[in-house]
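Heads up: the structure comes next, in structure tokens.
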Number of protein chains: 2
Amino acid sequence: MDIMHRGELLELLKAVADETRLKMVGLMHQQERTVTEMAGLLELTEPTISHHVSKLHNVGFLRLRMAGTQRFYQLNEIRLAKFKAYINTIEALPEESAAEKSDDSWINALNWGDDDKKILRIYTRNGKLLKLPLKDKHMVVVSRWLAMLFQPSIRYSEKEVNAILTQIHGDYATLRRSLVEYGFMRRERGGGDYWLTPENESGK
Amino acid sequence: MDIMHRGELLELLKAVADETRLKMVGLMHQQERTVTEMAGLLELTEPTISHHVSKLHNVGFLRLRMAGTQRFYQLNEIRLAKFKAYINTIEALPEESAAEKSDDSWINALNWGDDDKKILRIYTRNGKLLKLPLKDKHMVVVSRWLAMLFQPSIRYSEKEVNAILTQIHGDYATLRRSLVEYGFMRRERGGGDYWLTPENESGK
DNA sequence: ATTAAAATTAGATAATCATCGAAGTTTAGA
DNA sequence: TCTAAACTTCGATGATTATCTAATTTTAAT
């Protein structure tokens, strides 16, 4: 798997090095929680909790399930396990190499309309998703981009799909569902492999 | 050993969730470093590095060796290992019980002069050392207090002494040496057990 | 005693960020 | 189409803190 650089571990540490967020991690362990629920328990306002949820979610510490007007957040145990594993190398973290520093030129290289490029720029940096879009329109654009990570005519197991998407954002499950929901990928009825839908193979 | 509460782990996380300090952790791994040296390497001023060293040292992440006007800091691997171990319980940390919340009344109960009590209050909170005193006079007062953690006429192995002192501050080695240096404890020539010096048994 | 080196402390500034109230968005249902 | 609930976003505020310069302390050496 990929190596963790100092900058990445730093982001995870910052996400968790806050009293309120540390409490929230405890609350979202082994059960789903809504923003309103946590606001009540911690005696803070909903905007404040929403702010913290966003910080935790953006680094992939949370999984999200949407149901009606509610959003159920829960700890992403896999991401957390990775964090714990990387902590063990905290004294010996490699520098970020210059090559992989801030580069968004890949967006320009896309054969897309300017509007879509602008949207993509909102949510990505260095080829990673900073946060998940809320607006449907934006999520479609992001999903179209994600579809480019897969090869035409190839069948992927769920595990493989997750492995690819987790490079982009910790909440790979939400990304995977969006790919299917917006028609960029299909899967066999009742579960099984995934593959690109033909009309989207070109990424446009 | 003792249980780690949320507040304690939070302190450790905050100490390490900073870009400069994370770099410093790397620098002080497997070798001693001085403030001036790190200031040069990180291109920051000495006061800035001193500030960060203090944050790391206060939570016990560093060991200190003094030599002339220089202070050599190095990672306290034991404390770091403990931190790594506790990270594994991050989702399920207990609250701090009300009983162990902010209580400094124990200082008043001491049969000491007001000046010494005042000094002790500078460096301690809730029975723990916030930071190590620099002034000799202050360190003597702190050492006299530390001596009260031991029983008269009992011999302690170095391991036992360390176990007791580590409850007070992560840099137990410095504390242990101070106890001997200021005459509150003695040890056999050439190493071996420690014991309280008789004239200090009463803690005064 | 003076001086020099290393480190810390004091005080100031600027940036970051947790929190809030108000306003906007999305979804479900009447 | 209107309303209500859940959540997010916006804009503002206050607290924290990383960093600096200047001043102080500590130790060693001349």
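What you see is a predicted model, and the numbers here were worked out from it, not measured in a lab. Chain identifiers are assigned alphabetically (A, B, ...) following the order of the sequence lines, protein sequences preceding nucleic acid strands; residue numbering begins at 1 within each chain.
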Pairwise distance CG(A/Leu10) to OG1(B/Thr20) - rounded to 0.5 angstrom:
9.5 Å

Which parts of nucleotides 22-30 of chain D does protein reach within less than 4.0 Å, heavy atoms only, written one letter per nucleotide 5' to 3' as B for base, S for sugar-phosphate only and - for none?
B---SBS--

Calculate the interatomic distance between A/Glu43 atom CD and C/dA18 atom C1'; express it in whole Å.
17 Å

Whole Å only: how far is the CE atom of B/Met38 from the P atom of D/dT19?
13 Å

So B/Phe72, base contact, sugar-phosphate only, or nothing? Heavy-atom distance under 4.0 Å.
nothing

What is the distance, rounded to the nearest whole Å, between atom CD of A/Gln70 and atom P of D/dT8?
12 Å

Give, ordered by number, those residues of residues 48-58 of chain A having at least one heavy-atom distance below 4.0 Å to an atom of DNA chain C; if nothing qualifies, reply none.
A/Thr48, A/His51, A/His52, A/Lys55

For B/Tyr73 and C/dT8, is the shortest distance between a side-chain N/O and OP1 or OP2 below 4.0 Å?
yes

Could you tell me the separation between the CD atom of A/Glu19 and the P atom of D/dA15, rounded to a whole number of Å?
17 Å

Passing candidate, side-chain contact (heavy atoms from CB on, under 4.5 Å) with A/Trp145, options A/Leu129, A/Ile119, A/Asp116:
A/Leu129

Would you indicate, yes or no, if C/dT27 has its OP1 or OP2 atom less than 4.0 angstrom from a side-chain nitrogen or oxygen of A/Arg71?
no

Expressed in angstrom and rounded to an integer, what is the separation of A/Glu46 atom CD from C/dA23 atom C1'?
14 Å

Under the 3.5 angstrom rule, does the side chain of A/Ser143 hit a backbone N or O of A/Met139 as a donor-acceptor pair?
yes

Rounded to whole Å, please give me the gap between CG in B/Leu42 and P in D/dA18.
14 Å

Need one value for A/Lys131: base, sugar-phosphate or nothing, where a base atom within 4.0 Å counts as base even if backbone is also close, heavy atoms only.
sugar-phosphate

Would you say A/Arg176's side chain and A/Asn162's backbone share a donor-acceptor pair under 3.5 angstrom?
no

Tell me whether A/Glu160 contacts the main-chain N or O of A/Ser157 through its side chain, where contact means a donor paired with an acceptor under 3.5 Å.
yes

More 5' along DNA chain C: A/Leu44 or B/Thr36, using each one's nearest nucleotide?
B/Thr36

Return all side-chain donor-acceptor pairs below 3.5 angstrom for residues 22-30 of chain B, not counting sequence neighbours, or 'none' if the list is empty.
none

Test applied, side chain to side chain donor-acceptor pair (under 3.5 Å); reference residue, A/Tyr123; option that passes from A/Lys131, A/Lys128, A/His138
A/His138

Rounded to the Å, how far apart are A/Leu10 CG and C/dT16 C1'?
13 Å

Against the six-membered ring of B/Tyr73, is B/Arg33 placed for a cation-pi contact (under 6.0 Å from the centre, within 45° of the normal)?
no

Given side chains that start at C-beta, do those of A/Phe83 and A/Phe61 come closer than 4.5 Å, heavy atoms only?
yes

If only side-chain N and O atoms of A/Thr45 are considered, is one of them under 4.0 Å from the OP1 or OP2 phosphate oxygen of C/dG21?
no

Rounded to the nearest Å, what distance is computed from the CE atom of residue A/Met24 to the C1' atom of nucleotide D/dC7?
13 Å

